[in-house]
Amino acid sequence: GNSVTQMEGPVTLSEEAFLTINCTYTATGYPSLFWYVQYPGEGLQLLLKATKADDKGSNKGFEATYRKETTSFHLEKGSVQVSDSAVYFCASTTSGTYKYIFGTGTRLKVLA
Amino acid sequence: ETGVTQSPTHLIKTRGQQVTLRCSSQSGHNTVSWYQQALGQGPQFIFQYYREEENGRGNFPPRFSGLQFPNYSSELNVNALELDDSALYLCASSLDRDNSPLHFGNGTRLTVT
């Protein structure tokens with residue numbers, strides 16, 4: 001079946017450091033890919049998405065590129081802030097399945 | 001626009017009891033999905049409702065059931081609660097049933113003792 005695998009956390013970085021959170025997927029067909037962020041005590045918020053190969057999603061300084069050849073959708077940010085501390089989830093959905101498959105989440109902690 | 005709201009925020013139940021969780025969809029959204037998020041895990045798909053009909057279901061037993069109302073609000077019902085049902089239950093609405101970004105509420109934290 002379809003699955004999403006993301007790097008385990010926690011990831012601890014200093015402010016202004018470069019961030020990469022790895023995400024790979026398996027899917028039949030051509031999934032759409034997403035990154036969601038969950039702040040403490042809140043539900044998930046859509047961070048960015050990409051719907052086809054080579055698309056780049058971006059938002060709030062974060063970006064991720066849909067790589068079909070490596071089945072990956074790694075999240076990057078050039079300079080993290082303390083306010084980016086949260087749990088990040090990679091997710092996929094394939095047309096006709098009506099459901100999202102989420103990874104287990106990666107906790108990011110940014111220190112001032 | 002009004003976002004997705006869920007009630008209650010926290011709930012404690014005893015094993016064997018029944019529970020109903022409620023969700024109001026974001027304005028303009030006709031689809032609602034429910035997810036279970038165990039501690040330290042990603043959300044797991046329970047089911048989706050589209051135009052008041054169940055449109056897809058994950059690997060959850062029949063004691064998990066739902067409803068969607070004409071105003072697109074929704075309920076999740078769980079009968080015969082088990083200890084493993086303790087989790088954060090997330091409601092998400094979307095513009096359409098397929099390939100449409102999910103908009104989540106803040107969830108209901110259910111504890112079964």
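Only heavy atoms go into these numbers, but all of them, side chains included; no hydrogens, no water, no symmetry mates. So that the names make sense, note that chain A is the first sequence line, chain B the second, and so on, each numbered from 1. As the structure is a computational prediction, the values presented were derived from the model and not from experiment.
- Within the 4.5 angstrom heavy-atom criterion, only side-chain atoms of K49(A), from C-beta onward, approach chain B.
- A donor and an acceptor atom, one from each side chain of T20(B) and Q18(B), are located under 3.5 Å apart.
- Counting only distance, with no hydrogens or angles, the side chain of Y66(A) and the backbone of P31(A) share a donor-acceptor pair below 3.5 Å.
- Looking at T94(A), the atoms closer than 4.5 Å to chain B (heavy atoms on both sides) all sit in the backbone: N, CA, C or O.
- In summary, of the residues considered (F102(A), Y36(A), F62(A)), a ring-ring contact (aromatic ring centres under 6.0 Å, His included) with Y88(A) occurs for F62(A) alone.
- Checking S32(A) against T93(A) by side-chain atom types alone, no donor-acceptor pair falls below 3.5 Å.
- Nearest approach of A27(A) to N2(A), heavy atoms of both residues: CA-OD1, 3.3 Å.
- In terms of non-hydrogen atom pairs under 4.5 Å with chain A, the most contact-rich of G40(B), S100(B), S33(B), G107(B) is S100(B).
- Remark: K68(A) pairs with no residue by the salt bridge (charged side-chain N to carboxylate O under 4.0 Å, His left out) rule, at least two apart or across chains.
- The backbone N or O of G96(A) lies less than 3.5 Å from a partner atom in the side chain of D98(B), making a donor-acceptor pair.
- The minimum heavy-atom distance between T108(B) and P8(B), with the atom names listed, is OG1-O, 2.5 Å.
- Other residues, nucleotides and ligands contribute only 12 or fewer heavy atoms inside 6.0 Å of the CD atom of E8(A).
- The environment of K77(A) atom NZ is dense: over 12 non-hydrogen atoms of other residues, nucleotides or ligands sit within 6.0 angstrom.
- In terms of heavy atoms, W35(A) sits closest to C23(A) at CZ2-CB, 3.4 Å.
- Remark: F45(B) engages Y35(B) in a ring-ring contact (aromatic ring centres under 6.0 Å, His included) (not counting sequence neighbours).
- Both the backbone and the side chain of Q41(B) have a heavy atom closer than 4.5 Å to some heavy atom of chain A.
- Interface remark: Q45(A) contributes no atoms to any contact with chain B (heavy atom separation under 4.5 Å).
- If you measure heavy-atom distances from F89(A) to chain B, the contacts under 4.5 Å come from the side chain alone.
- The contact list for residues 53-75 of chain B toward chain A, using heavy atoms and a distance under 4.5 Å, reads N55(B) by residue number.
- For a residue to count as touching a neighbouring chain, one of its non-hydrogen atoms must lie under 4.5 Å from one of that chain's; by this rule Q37(B) touches chain A with the side chain only.
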Query - Check against side chain to side chain donor-acceptor pair (under 3.5 Å), Q6(A) and T106(A) - result: CA-CA 7 Å; Q6(A) 58 183 108; T106(A) 302; 3.0 Å; yes

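- Using non-hydrogen atoms only and a strict 4.5 Å limit, the part of residues 78-92 of chain B facing chain A consists of L88(B), L90(B).
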